[in-house]
Colleague: 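Sending over a structure as structure tokens; questions will come in a sec.
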Amino acid sequence: MSAVVVVHGGVWAIPEDLAKASVDGVKAAARQGSSVLKGGGSALDAVEAAVRAMEDNPAFNAGHGSALNADGEVELDSIIMDGRTLASGAVASVKNIANTVSLARAVMEKTSHVILTGRGANLFAESIGMATVPADELVTENEWKEWDKQKNYVAGVMEDFNSQWAHDTVGAVAVDSDGNVACATSTGGIRNKMVGRVGDSPIIGSGAYADNLSGAVSCTGHGESILKVTLARLILSHVEQVNGNT
Ligand code: GLY
């Protein structure tokens, strides 16, 4: 089977000034994931590598470049899922870890749990020696400016959807040469969200889902809308119906 990785850098209108950086960023992330697969890595390794590349790139709303909440703080959400076993790991409301997708993977592989939030996620990160960064390091000058302009969440969401400086959640899906699938999603969430708000991204079946029997999905968009329909799992249910493997 040919191994493939597909990445997305987030929906919403990407302004001209960010268009090149976004296109270059998704290409670089796809190359990163692809080189993992070519080197014999698993689908899980590939999606983690691709999402890490976007978390490290301030053109995207994940890791470096994340949106700010109502208090002007970064709160990051990530998930990763292994289609072989349906194992998943996620973190939510994390403030000072640059590559939360790797922390999500550690939750999946090293704990008995699926989701860790806030302080618990940080304590776990510390216990496995994962480096923290000063939270301000994850925020771009442009995000400070936009956050300062848009103090109203609802108006901000409307504006973001319709054209301004918005860039949403990133993600990747992959299939490896053994036919195993995986997905990963990572985000700073929506600008001016309430403190402690968790969107779709770290929620299994909403922000992402992977199952070797049907495929892999990573979502981007308005979290509260995605959560209502558990979008990632819904998409795979439709795939299963089309393929007749319900
Ligand atoms: N889809 C990202 C969020 O709503 O937080």
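Indexing begins at 1, ligand by ligand and atom by atom, following the structure's order. For reference, positions follow the sequence shown, starting with 1.
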Colleague: Give the atoms of ligand 1, by number and element, whose distance to some non-hydrogen atom of Ile190 is under 4.0 Å.
Modeller: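 What qualifies from ligand 1 is 4 (O).
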
Colleague: Examine the proximity of ligand 1 to Glu75 and report which part, side chain or backbone, both or neither, has a heavy atom under 4.0 Å away.
Modeller: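 No part of Glu75 comes within reach of ligand 1.
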
Colleague: Examine His222 against ligand 1 and note whether any of their N/O atoms are separated by less than 3.5 Å.
Modeller: no

Colleague: Considering only non-hydrogen protein atoms, determine which one is nearest to atom 2 (C) of ligand 1 and report residue, atom name and distance to 0.1 Å.
Modeller: Thr169 OG1, 3.0 Å

Colleague: Do any nitrogen or oxygen atoms of Arg197 come within less than 3.5 Å of a nitrogen or oxygen of ligand 1?
Modeller: yes

Colleague: Any salt bridge between Asp82 and Arg105, counting N to O under 4.0 Å?
Modeller: no

Colleague: Can you tell whether the side chains of Arg52 and Asp56 come within less than 4.0 Å, N to carboxylate O?
Modeller: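 Looking at Arg52 and Asp56, the cut-off is not met.
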
Colleague: Is there a polar contact between ligand 1 and Thr187, counting only N or O atoms under 3.5 Å apart?
Modeller: no

Colleague: Hey, which atoms in ligand 1 end up nearer than 4.0 Å to a heavy atom of Asp168?
Modeller: 1 (N), 2 (C)

Colleague: What atoms of ligand 1 come within less than 4.0 Å of a heavy atom belonging to Gly221?
Modeller: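 Those atoms are 1 (N), 2 (C), 3 (C), 4 (O).
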
Colleague: If you count the atoms of ligand 1 from 1 in the order shown, which ones are under 4.0 Å from a heavy atom of Gly189?
Modeller: 5 (O)

Colleague: Given Glu146 and Lys149, is the salt bridge (Lys or Arg N to Asp or Glu O under 4.0 Å) satisfied, shown in steps?
Modeller: CA-CA 5 Å; Glu146 290 302 311; Lys149 271 201 294 191; 3.2 Å; yes

Colleague: In plain terms, say whether Glu73 and Lys193 are close enough for a salt bridge, that is, a side-chain N and a carboxylate O under 4.0 Å apart.
Modeller: no

Colleague: Mark up the atoms of ligand 1 that fall under 4.0 Å of a heavy atom belonging to Ser201, in ascending order.
Modeller: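 Listed by number with element: 1 (N), 2 (C).
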
Colleague: Side chains of Val91 and Thr117, heavy atoms from C-beta outward: is any pair under 4.5 Å?
Modeller: no

Colleague: Same cluster or not: Val47 versus Leu37, using hydrophobic residues (I, L, V, M, F, W, Y) connected whenever any side-chain heavy atoms lie under 4.5 Å apart?
Modeller: yes

Colleague: Between Val7 and Leu44, is there shared hydrophobic-cluster membership here, with clusters defined by ILVMFWY side-chain heavy atoms closer than 4.5 Å?
Modeller: yes

Colleague: Under 4.0 Å from any heavy atom of Asp200, which atoms of ligand 1 are there?
Modeller: 1 (N), 2 (C), 3 (C), 4 (O)

